[in-house]
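Notes to accompany the following structure.
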Amino acid sequence: MANISTSFMGINMGSPIIVGASTLSNHTDNIKRAEDAGAGGLVIHSLFQEQIELEAMEIEDELLISSDHFPESLTYFPQMKHAGAREHIMWVEKARKEVKFPLIGSLNAISEGKWLEYAKQLEEAGCDALELNLFSIETDPAKTPDQIESQSLEIISDVKSSVSIPVSVKLSPWHTSIANYAKKVAEAGADGMVMFNKFHQPMIDTEKESIVLNWCLSSPEESRVPLRWIALTSGLMDVDLAANTGIYTAEDVIRQLLAGARVAQIVSALYSHGLEHITALNTAISDWMDKHGYKTIEEFRGKLAKHQVNDPYAFERAQYVSLLMSAHDPRAKYGLVHGYYPVEVRPGRVSG
Ligand SMILES: Cc1cc2nc3c(=O)[nH]c(=O)nc-3n(C[C@H](O)[C@H](O)[C@H](O)COP(=O)(O)O)c2cc1C
(Lines give C-alpha, C1' and ligand atoms only; values in the text may rest on other atoms or scores of the structure.)
Protein backbone atom coordinates (compact mmCIF):
# COMPACT_ATOMS: atom_id res chain seq x y z
CA MET A 1 0.00 0.00 0.00
CA ALA A 2 1.25 3.47 -0.88
CA ASN A 3 2.73 5.70 1.79
CA ILE A 4 0.85 9.01 1.83
CA SER A 5 3.02 10.69 4.45
CA THR A 6 4.75 13.93 3.55
CA SER A 7 6.42 16.89 5.20
CA PHE A 8 5.61 20.57 5.22
CA MET A 9 8.25 23.09 6.34
CA GLY A 10 10.25 20.22 7.83
CA ILE A 11 7.29 18.93 9.86
CA ASN A 12 6.42 15.29 9.19
CA MET A 13 2.77 14.66 8.42
CA GLY A 14 0.92 11.38 8.00
CA SER A 15 -1.18 12.78 5.16
CA PRO A 16 -0.96 15.68 2.69
CA ILE A 17 -4.33 16.94 3.96
CA ILE A 18 -4.30 19.77 6.47
CA VAL A 19 -7.47 21.17 7.99
CA GLY A 20 -7.29 24.88 7.11
CA ALA A 21 -7.93 27.71 9.58
CA SER A 22 -11.64 27.95 10.32
CA THR A 23 -14.28 27.81 13.01
CA LEU A 24 -14.00 24.02 12.76
CA SER A 25 -11.11 24.36 15.21
CA ASN A 26 -13.26 26.25 17.73
CA HIS A 27 -14.05 22.94 19.43
CA THR A 28 -11.33 20.62 20.65
CA ASP A 29 -13.67 17.75 19.84
CA ASN A 30 -13.40 18.64 16.14
CA ILE A 31 -9.61 18.81 16.40
CA LYS A 32 -9.56 15.30 17.85
CA ARG A 33 -11.92 14.08 15.14
CA ALA A 34 -9.65 15.56 12.47
CA GLU A 35 -6.67 13.74 13.97
CA ASP A 36 -8.63 10.48 14.21
CA ALA A 37 -9.80 10.87 10.61
CA GLY A 38 -6.13 11.01 9.52
CA ALA A 39 -5.45 14.70 8.85
CA GLY A 40 -1.76 15.53 8.42
CA GLY A 41 -2.21 18.57 10.66
CA LEU A 42 -4.55 21.43 11.48
CA VAL A 43 -4.38 25.21 11.34
CA ILE A 44 -6.07 26.78 14.33
CA HIS A 45 -8.42 29.69 13.52
CA SER A 46 -6.60 33.01 13.42
CA LEU A 47 -5.77 35.19 16.34
CA PHE A 48 -6.83 38.54 14.94
CA GLN A 49 -4.90 41.75 15.39
CA GLU A 50 -8.14 43.36 16.59
CA GLN A 51 -8.36 40.84 19.44
CA ILE A 52 -4.89 41.80 20.54
CA GLU A 53 -5.59 45.51 20.22
CA LEU A 54 -8.84 45.18 22.12
CA GLU A 55 -7.06 43.39 24.91
CA ALA A 56 -4.36 46.05 24.98
CA MET A 57 -7.14 48.65 25.26
CA GLU A 58 -8.71 46.69 28.12
CA ILE A 59 -5.43 46.75 30.00
CA GLU A 60 -5.07 50.44 29.28
CA ASP A 61 -8.64 50.98 30.39
CA GLU A 62 -7.94 49.32 33.71
CA LEU A 63 -4.99 51.62 34.18
CA LEU A 64 -6.61 54.80 32.84
CA ILE A 65 -10.20 54.60 33.98
CA SER A 66 -11.02 57.91 32.26
CA SER A 67 -10.51 56.44 28.78
CA ASP A 68 -13.72 56.31 26.77
CA HIS A 69 -12.52 54.54 23.63
CA PHE A 70 -13.03 51.06 24.98
CA PRO A 71 -16.87 50.98 24.97
CA GLU A 72 -16.78 52.34 21.44
CA SER A 73 -14.40 49.57 20.37
CA LEU A 74 -16.69 46.97 21.85
CA THR A 75 -19.34 48.12 19.41
CA TYR A 76 -16.92 47.48 16.59
CA PHE A 77 -15.89 44.07 17.85
CA PRO A 78 -18.66 43.02 20.23
CA GLN A 79 -17.97 39.30 19.85
CA MET A 80 -14.41 39.75 21.02
CA LYS A 81 -15.26 40.82 24.54
CA HIS A 82 -14.82 37.31 25.83
CA ALA A 83 -12.26 36.12 23.30
CA GLY A 84 -9.16 38.18 23.83
CA ALA A 85 -5.69 37.16 22.81
CA ARG A 86 -4.86 35.64 26.19
CA GLU A 87 -7.92 33.38 26.02
CA HIS A 88 -6.89 32.31 22.53
CA ILE A 89 -3.45 31.30 23.78
CA MET A 90 -4.93 29.39 26.72
CA TRP A 91 -7.26 27.62 24.36
CA VAL A 92 -4.34 26.63 22.08
CA GLU A 93 -2.55 25.21 25.13
CA LYS A 94 -5.63 23.13 25.89
CA ALA A 95 -5.90 21.88 22.29
CA ARG A 96 -2.20 20.99 22.30
CA LYS A 97 -2.69 18.69 25.28
CA GLU A 98 -5.48 16.79 23.56
CA VAL A 99 -3.88 15.90 20.21
CA LYS A 100 -0.49 14.79 18.95
CA PHE A 101 -0.61 15.72 15.26
CA PRO A 102 0.96 19.02 14.07
CA LEU A 103 -0.91 22.16 15.07
CA ILE A 104 -0.27 25.38 13.20
CA GLY A 105 -1.12 28.65 14.92
CA SER A 106 -2.51 31.42 12.74
CA LEU A 107 -2.05 35.15 13.20
CA ASN A 108 -3.96 37.77 11.27
CA ALA A 109 -1.39 40.50 11.34
CA ILE A 110 -1.90 43.60 9.26
CA SER A 111 0.37 46.18 10.81
CA GLU A 112 3.19 46.40 13.28
CA GLY A 113 2.11 45.79 16.82
CA LYS A 114 1.99 43.88 20.00
CA TRP A 115 1.13 40.67 18.23
CA LEU A 116 4.82 39.75 17.81
CA GLU A 117 4.66 38.89 21.47
CA TYR A 118 1.70 36.63 20.71
CA ALA A 119 3.59 34.87 17.92
CA LYS A 120 6.08 33.88 20.60
CA GLN A 121 3.25 32.83 22.93
CA LEU A 122 1.66 30.65 20.24
CA GLU A 123 5.02 28.93 19.92
CA GLU A 124 5.23 28.48 23.69
CA ALA A 125 1.66 27.17 23.72
CA GLY A 126 2.89 24.25 21.62
CA CYS A 127 2.23 25.21 17.98
CA ASP A 128 4.53 23.34 15.61
CA ALA A 129 4.47 26.21 13.10
CA LEU A 130 2.83 29.57 12.48
CA GLU A 131 0.76 30.72 9.53
CA LEU A 132 0.58 34.43 8.84
CA ASN A 133 -2.70 35.54 7.42
CA LEU A 134 -1.92 39.00 6.05
CA PHE A 135 -5.49 39.74 5.05
CA SER A 136 -6.45 43.39 4.93
CA ILE A 137 -8.60 45.51 2.66
CA GLU A 138 -6.55 48.50 1.61
CA THR A 139 -8.87 51.35 0.73
CA ASP A 140 -6.50 54.29 0.94
CA PRO A 141 -5.88 55.31 -2.69
CA ALA A 142 -2.73 57.14 -1.63
CA LYS A 143 -1.09 53.95 -0.37
CA THR A 144 0.95 52.25 -3.07
CA PRO A 145 1.20 48.48 -3.63
CA ASP A 146 4.87 48.80 -2.80
CA GLN A 147 4.10 50.35 0.60
CA ILE A 148 1.54 47.63 1.36
CA GLU A 149 3.87 44.84 0.32
CA SER A 150 6.83 46.34 2.21
CA GLN A 151 4.74 46.48 5.37
CA SER A 152 3.76 42.83 5.05
CA LEU A 153 7.35 41.77 4.30
CA GLU A 154 8.48 43.55 7.46
CA ILE A 155 5.86 41.63 9.45
CA ILE A 156 7.12 38.34 7.99
CA SER A 157 10.76 39.00 8.85
CA ASP A 158 9.81 40.30 12.33
CA VAL A 159 7.82 37.14 13.07
CA LYS A 160 10.59 34.95 11.70
CA SER A 161 13.08 36.58 14.02
CA SER A 162 10.81 36.30 17.07
CA VAL A 163 10.09 32.54 16.87
CA SER A 164 12.12 29.44 16.16
CA ILE A 165 9.31 27.33 14.66
CA PRO A 166 8.69 27.44 10.87
CA VAL A 167 6.52 30.26 9.52
CA SER A 168 4.28 30.09 6.48
CA VAL A 169 2.49 32.97 4.79
CA LYS A 170 -1.05 32.73 3.45
CA LEU A 171 -0.91 34.67 0.22
CA SER A 172 -3.61 36.61 -1.52
CA PRO A 173 -4.19 35.85 -5.21
CA TRP A 174 -4.52 39.58 -5.86
CA HIS A 175 -1.06 40.95 -6.48
CA THR A 176 0.03 42.67 -9.64
CA SER A 177 2.83 40.13 -9.74
CA ILE A 178 2.25 37.05 -7.61
CA ALA A 179 5.61 35.64 -8.73
CA ASN A 180 7.47 38.76 -7.64
CA TYR A 181 5.69 39.01 -4.28
CA ALA A 182 6.16 35.27 -3.60
CA LYS A 183 9.88 35.66 -4.25
CA LYS A 184 10.05 38.55 -1.79
CA VAL A 185 8.08 36.59 0.81
CA ALA A 186 10.60 33.74 0.47
CA GLU A 187 13.48 36.20 0.79
CA ALA A 188 11.87 37.68 3.92
CA GLY A 189 12.39 34.26 5.49
CA ALA A 190 9.08 32.40 5.04
CA ASP A 191 9.48 28.63 5.21
CA GLY A 192 6.18 27.96 3.49
CA MET A 193 3.43 29.61 1.47
CA VAL A 194 -0.26 28.85 1.32
CA MET A 195 -1.79 29.58 -2.07
CA PHE A 196 -4.28 31.13 -1.59
CA ASN A 197 -6.23 32.87 1.12
CA LYS A 198 -9.94 33.24 0.52
CA PHE A 199 -11.49 36.43 1.71
CA HIS A 200 -14.77 36.88 3.36
CA GLN A 201 -16.75 39.07 0.96
CA PRO A 202 -19.82 41.04 1.96
CA MET A 203 -23.10 40.57 0.08
CA ILE A 204 -26.23 42.69 -0.32
CA ASP A 205 -29.65 41.26 0.53
CA THR A 206 -31.94 42.87 -2.04
CA GLU A 207 -35.14 42.09 -0.07
CA LYS A 208 -33.95 43.63 3.17
CA GLU A 209 -31.74 46.14 1.34
CA SER A 210 -29.02 45.44 3.83
CA ILE A 211 -25.47 44.15 3.87
CA VAL A 212 -25.12 40.51 4.76
CA LEU A 213 -21.98 39.07 6.30
CA ASN A 214 -21.89 35.32 5.97
CA TRP A 215 -19.33 32.74 5.02
CA CYS A 216 -19.50 31.48 1.52
CA LEU A 217 -18.02 28.07 0.78
CA SER A 218 -15.67 27.67 -2.18
CA SER A 219 -16.59 26.09 -5.46
CA PRO A 220 -14.32 23.35 -6.88
CA GLU A 221 -13.57 25.56 -9.91
CA GLU A 222 -11.67 27.93 -7.63
CA SER A 223 -8.92 25.33 -7.15
CA ARG A 224 -7.61 26.17 -10.62
CA VAL A 225 -6.11 29.43 -9.34
CA PRO A 226 -3.82 27.80 -6.75
CA LEU A 227 -3.15 24.97 -9.22
CA ARG A 228 -1.79 27.39 -11.80
CA TRP A 229 0.34 29.36 -9.36
CA ILE A 230 1.73 26.33 -7.59
CA ALA A 231 2.71 24.87 -10.97
CA LEU A 232 4.29 28.19 -11.99
CA THR A 233 6.24 28.80 -8.80
CA SER A 234 7.07 25.40 -7.33
CA GLY A 235 10.73 24.53 -7.45
CA LEU A 236 11.72 28.16 -8.05
CA MET A 237 11.92 29.27 -4.42
CA ASP A 238 13.27 27.72 -1.26
CA VAL A 239 9.81 27.34 0.35
CA ASP A 240 7.26 24.58 0.72
CA LEU A 241 3.91 25.19 -0.94
CA ALA A 242 0.47 24.40 0.44
CA ALA A 243 -2.53 24.53 -1.89
CA ASN A 244 -5.73 26.07 -0.63
CA THR A 245 -9.18 27.02 -1.94
CA GLY A 246 -11.71 24.86 -3.69
CA ILE A 247 -10.07 21.49 -2.94
CA TYR A 248 -12.80 18.90 -2.44
CA THR A 249 -11.76 15.52 -3.86
CA ALA A 250 -8.74 13.22 -3.80
CA GLU A 251 -8.25 14.10 -7.46
CA ASP A 252 -8.10 17.79 -6.50
CA VAL A 253 -5.41 17.00 -3.91
CA ILE A 254 -3.42 14.82 -6.34
CA ARG A 255 -3.51 17.60 -8.98
CA GLN A 256 -2.01 20.06 -6.51
CA LEU A 257 0.71 17.55 -5.57
CA LEU A 258 1.48 16.95 -9.24
CA ALA A 259 1.80 20.72 -9.65
CA GLY A 260 4.33 20.79 -6.79
CA ALA A 261 2.41 21.40 -3.55
CA ARG A 262 3.51 19.44 -0.50
CA VAL A 263 0.14 19.59 1.22
CA ALA A 264 -3.41 20.76 0.59
CA GLN A 265 -5.43 22.73 3.11
CA ILE A 266 -9.15 22.13 3.05
CA VAL A 267 -12.07 23.81 4.79
CA SER A 268 -15.17 24.03 2.55
CA ALA A 269 -15.00 20.30 1.75
CA LEU A 270 -15.12 19.54 5.47
CA TYR A 271 -18.07 21.85 6.07
CA SER A 272 -19.82 20.09 3.18
CA HIS A 273 -18.94 16.45 3.93
CA GLY A 274 -17.82 16.35 7.56
CA LEU A 275 -14.41 15.72 9.09
CA GLU A 276 -14.59 12.01 8.23
CA HIS A 277 -14.17 13.07 4.60
CA ILE A 278 -10.43 13.21 5.37
CA THR A 279 -10.33 9.40 5.76
CA ALA A 280 -12.03 8.93 2.40
CA LEU A 281 -9.56 11.36 0.76
CA ASN A 282 -6.56 9.55 2.26
CA THR A 283 -7.85 6.18 1.02
CA ALA A 284 -8.54 7.51 -2.47
CA ILE A 285 -5.09 9.15 -2.70
CA SER A 286 -3.45 5.90 -1.63
CA ASP A 287 -5.55 3.91 -4.16
CA TRP A 288 -4.55 6.30 -6.95
CA MET A 289 -0.88 5.94 -5.99
CA ASP A 290 -1.18 2.13 -6.01
CA LYS A 291 -2.86 2.25 -9.42
CA HIS A 292 -0.14 4.50 -10.82
CA GLY A 293 2.70 2.54 -9.22
CA TYR A 294 3.85 5.22 -6.76
CA LYS A 295 5.07 4.16 -3.34
CA THR A 296 5.66 7.69 -1.98
CA ILE A 297 4.31 11.17 -2.75
CA GLU A 298 7.80 12.40 -3.61
CA GLU A 299 7.85 10.06 -6.62
CA PHE A 300 5.22 12.16 -8.39
CA ARG A 301 5.18 15.50 -6.57
CA GLY A 302 5.90 18.36 -8.95
CA LYS A 303 5.81 16.09 -12.01
CA LEU A 304 3.54 18.60 -13.77
CA ALA A 305 5.14 21.78 -12.43
CA LYS A 306 5.99 24.33 -15.09
CA HIS A 307 9.70 23.50 -15.12
CA GLN A 308 8.96 19.78 -15.59
CA VAL A 309 6.47 19.67 -18.45
CA ASN A 310 7.10 19.51 -22.17
CA ASP A 311 5.20 22.75 -22.80
CA PRO A 312 6.53 25.24 -20.22
CA TYR A 313 3.96 27.79 -21.38
CA ALA A 314 0.99 25.55 -20.64
CA PHE A 315 0.20 27.13 -17.30
CA GLU A 316 0.75 30.63 -18.65
CA ARG A 317 -1.31 30.52 -21.79
CA ALA A 318 -3.69 27.64 -21.14
CA GLN A 319 -6.88 29.63 -21.24
CA TYR A 320 -5.85 31.66 -24.24
CA VAL A 321 -4.76 28.65 -26.28
CA SER A 322 -7.84 26.75 -25.20
CA LEU A 323 -10.03 29.61 -26.40
CA LEU A 324 -8.26 29.81 -29.75
CA MET A 325 -8.57 26.08 -30.30
CA SER A 326 -12.20 25.95 -29.32
CA ALA A 327 -12.93 28.50 -32.08
CA HIS A 328 -12.14 25.69 -34.57
CA ASP A 329 -14.35 23.23 -32.79
CA PRO A 330 -17.84 23.03 -34.35
CA ARG A 331 -19.37 22.88 -30.88
CA ALA A 332 -17.94 26.34 -30.14
CA LYS A 333 -20.75 28.14 -31.93
CA TYR A 334 -23.24 26.51 -29.54
CA GLY A 335 -21.13 27.54 -26.58
CA LEU A 336 -20.61 23.89 -25.66
CA VAL A 337 -16.84 23.92 -25.38
CA HIS A 338 -15.53 24.42 -21.96
CA GLY A 339 -13.70 22.31 -19.46
CA TYR A 340 -10.21 21.02 -19.74
CA TYR A 341 -7.31 22.33 -21.77
CA PRO A 342 -7.60 20.34 -25.00
CA VAL A 343 -3.87 19.93 -25.54
CA GLU A 344 -2.28 17.25 -23.43
CA VAL A 345 0.83 18.41 -21.61
CA ARG A 346 3.04 15.62 -20.35
CA PRO A 347 5.97 15.52 -17.98
CA GLY A 348 9.39 15.87 -19.56
CA ARG A 349 11.46 18.85 -20.56
CA VAL A 350 11.55 20.20 -24.11
CA SER A 351 14.80 19.16 -25.68
CA GLY A 352 17.02 21.44 -27.73
C1 LIG B 1 -16.07 29.60 8.58
C2 LIG B 1 -14.68 29.91 8.10
C3 LIG B 1 -13.77 30.48 8.99
C4 LIG B 1 -12.47 30.81 8.56
N5 LIG B 1 -11.59 31.35 9.44
C6 LIG B 1 -10.32 31.62 9.02
C7 LIG B 1 -9.34 32.12 9.93
O8 LIG B 1 -9.58 32.31 11.13
N9 LIG B 1 -8.11 32.40 9.43
C10 LIG B 1 -7.77 32.18 8.12
O11 LIG B 1 -6.63 32.43 7.74
N12 LIG B 1 -8.68 31.69 7.25
C13 LIG B 1 -9.93 31.41 7.66
N14 LIG B 1 -10.83 30.90 6.78
C15 LIG B 1 -10.42 30.65 5.38
C16 LIG B 1 -10.00 29.19 5.20
O17 LIG B 1 -8.87 28.86 6.00
C18 LIG B 1 -9.62 28.88 3.74
O19 LIG B 1 -8.53 29.70 3.35
C20 LIG B 1 -10.77 29.14 2.78
O21 LIG B 1 -11.99 28.68 3.30
C22 LIG B 1 -10.49 28.48 1.42
O23 LIG B 1 -10.37 27.07 1.56
P24 LIG B 1 -11.58 26.10 1.14
O25 LIG B 1 -11.86 26.37 -0.28
O26 LIG B 1 -11.10 24.70 1.39
O27 LIG B 1 -12.73 26.47 2.01
C28 LIG B 1 -12.11 30.56 7.20
C29 LIG B 1 -13.04 29.99 6.33
C30 LIG B 1 -14.31 29.67 6.76
C31 LIG B 1 -15.28 29.04 5.78
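When a ligand or atom number is given, it counts from 1 through the structure's own listing order. The analysis underlying the following values was restricted to heavy atoms, covering all of them including side chains, and did not include hydrogens, waters or symmetry mates.
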For [atom], what is the nearest protein heavy atom, given as residue, atom name and distance?
| atom | result |
| --- | --- |
| atom 25 (O) of ligand 1 | S218 OG, 2.4 Å |
| atom 26 (O) of ligand 1 | V267 N, 2.8 Å |
| atom 7 (C) of ligand 1 | S46 OG, 3.4 Å |
| atom 17 (O) of ligand 1 | A21 O, 2.6 Å |
| atom 27 (O) of ligand 1 | S268 OG, 2.5 Å |
| atom 31 (C) of ligand 1 | W215 CE3, 3.7 Å |

Whether [Y] and [X] form a salt bridge (side-chain N of Lys/Arg under 4.0 Å from carboxylate O of Asp/Glu) is what I want to check.
| X | Y | value |
| --- | --- | --- |
| R301 | E298 | yes |
| D290 | K295 | no |
| K120 | E123 | yes |
| R255 | D252 | yes |

Ignoring hydrogens, just give me the one of [options] whose non-hydrogen atom is nearest [atom].
| atom | options | value |
| --- | --- | --- |
| atom 20 (C) of ligand 1 | K198, K170, Q265, E131 | K198 |
| atom 23 (O) of ligand 1 | N214, T23, L134, N244 | N244 |
| atom 22 (C) of ligand 1 | N197, T245, N133 | T245 |

Contact with ligand 1 for Y271, non-hydrogen, under 4.0 angstrom: yes
Steps toward side-chain contact (heavy atoms from CB on, under 4.5 Å) verdict (K170, L132): CA-CA 6 Å; K170 204 170 182 189; L132 287 181; over 6 Å; no
Residue pair T144 / D146, side-chain donor-acceptor N/O under 3.5 Å: no
Nearest atoms (heavy-atom pairs only) where M13 meets V263: SD-CG1, 4.1 Å
Interfacing atoms of ligand 1 (cut-off 4.0 Å, heavy-atom, [X]):
| X | answer |
| --- | --- |
| I266 | 26 (O) |
| H45 | 8 (O) |
| G246 | 24 (P), 25 (O) |

F199 and W174 aromatic centres sub-6.0 Å: yes
